[in-house]
Amino acid sequence: MKKLLLFIAFVLFLFSCKKESNTNPETLPNSYSDQALGKSANDMLSDVKYTTLNIQVQYMPGYELEATTITNLTTYLGSLCNKPGGINITQTQIAANGNTFTVDSAAITERINRTAYTSGNAIAVYILVTDGFDTSLTTLGFAYRNTSICLFGKDIFTNSGGIGQVSRVALETSVLEHEFGHIMGLVNLGTPMQVFHQDTVHGNHCNNTHCLMYYAIDTHTGLGMSGLNTVPVLDSNCLNDLHANGGK
Ligand SMILES: [Zn+2]
Ligand SMILES: [Zn+2]
């Protein structure tokens, strides 16, 4: 029963991400990076404007992403984005915070610490891994601007890696790949749908319960106990949308 409860908690956490348009007051020094979520979908997927993808990860002490998570993310994005110049991910530590985190406080922390911005033929994405947690207690991460993602490192730590829990790598990878799905315009968030598959009740998510972009996975489908450490994948509708918008 404990395992089941932990499992349910995992799936509820996993896909309860939020998305916000660019309404926060923290203007970044790079106007390209100050756009609403979904605006860079085509730039991420195609090589028309940007041939290289640079990802800057900044984590608070104790919440560094696992090396395998970085490898998984590189493989995932490499399979979807046309970036012949390569995909580069750097990871550095920033000062501890320890407070609860909202979209606004993530934006403020990004404004203070982010140094990688889009320029020339390279598009840059920022990932903040906090030592705080979300006040709603239902969120492990969210994408909040066209190239900005926040992960609640403490919540991920608490909900993974223990007995009966999903592995940390699987949880980090699932949350990051889901949030990058939004950055790439899923679902109907800057990348047009080829056929209708939006779960409109839950915003910009997929209506396929098995898909990575589903807002939640119920206990009857998706990740069963035997497949606890399996990272969900994009379904054909989501893949077709990305391909039609310049992706591989
Ligand atoms: Zn989402
Ligand atoms: Zn889908």
Side-chain angles (χ1 to χ4, degrees), residues 9-23 36-41 44-45 69 72-73 76-77 79-81 101-103 106-107 125-130 133-153 155-156 159 166 170-218 220-223 227 230-248:
F10 161 64
V11 295
L12 287 178
F13 267 112
L14 177 52
F15 294 103
S16 299
C17 63
K18 292 182 285 194
K19 306 166 303 304
E20 303 263 338
S21 57
N22 185 22
T23 56
L37 182 58
K39 291 289 187 185
S40 291
M44 285 286 294
L45 294 163
T69 299
N72 290 344
L73 183 61
Y76 168 78
L77 293 172
S79 72
L80 300 170
C81 304
F101 261 80
T102 63
V103 172
V125 174
Y126 181 76
I127 300 171
L128 171 67
V129 188
T130 77
F133 50 88
D134 175 46
T135 49
S136 73
L137 298 177
T138 59
T139 305
L140 288 179
F142 56 82
Y144 58 102
R145 273 197 279 241
N146 60 323
T147 59
S148 302
I149 290 171
C150 176
L151 257 57
F152 297 111
D155 285 329
I156 289 174
N159 288 281
V166 64
L171 191 52
E172 287 179 346
T173 301
S174 299
V175 176
L176 274 175
E177 292 186 354
H178 178 94
E179 301 310 333
F180 266 95
H182 290 313
I183 297 269
M184 293 185 288
L186 296 174
V187 171
N188 198 22
L189 186 65
T191 288
M193 291 185 287
Q194 299 307 294
V195 297
F196 187 88
H197 63 104
Q198 183 178 4
D199 178 5
T200 49
V201 174
H202 298 104
N204 297 97
H205 290 103
C206 183
N207 62 10
N208 180 349
T209 57
H210 295 275
C211 180
L212 174 67
M213 295 312 293
Y214 189 59
Y215 88 101
I217 291 179
D218 66 40
H220 303 293
T221 58
L223 305 173
T230 303
V231 176
V233 296
L234 294 170
D235 70 350
S236 58
N237 282 334
C238 285
L239 287 171
N240 288 342
D241 291 355
L242 297 181
H243 180 68
N245 195 24
K248 284 181 177 173

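Whatever order the structure lists them in is the order used to number ligands and atoms, beginning at 1.
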**Student:** Could you walk me through whether Asn188 and Gln198 pass the side-chain hydrogen bond (donor to acceptor under 3.5 Å, both in side chains) check?
**Tutor:** CA-CA 7 Å; Asn188 198 22; Gln198 183 178 4; 2.9 Å; yes

**Student:** Checking side-chain hydrogen bond (donor to acceptor under 3.5 Å, both in side chains) for the pair His197/Asp241: CA distance, chi angles, key distance, verdict?
**Tutor:** CA-CA 10 Å; His197 63 104; Asp241 291 355; 2.6 Å; yes

**Student:** Mind telling me whether His205 and His182 have parallel, tilted or perpendicular rings, with 30° and 60° as the class edges?
**Tutor:**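 His182 vs His205 ring planes: perpendicular.
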
**Student:** Taking both backbone and side-chain atoms into account, decide whether His197 has an N/O/S atom under 2.8 Å from the Zn ion (ligand 2).
**Tutor:** no

**Student:** For the Zn ion (ligand 1), find the closest N/O/S atom belonging to His205 and write down its atom name.
**Tutor:** NE2

**Student:** Rounded to 10 degrees, what angle sits at the Zn ion (ligand 2) between Cys238 SG and Asp235 OD1?
**Tutor:**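 With the Zn ion (ligand 2) as the vertex, SG (Cys238) and OD1 (Asp235) sit 100° apart.
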
**Student:** Looking at Thr69, Leu140, Ile149, which one forms a side-chain contact (heavy atoms from CB on, under 4.5 Å) with Val175?
**Tutor:**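 So the option named by the test is Leu140.
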
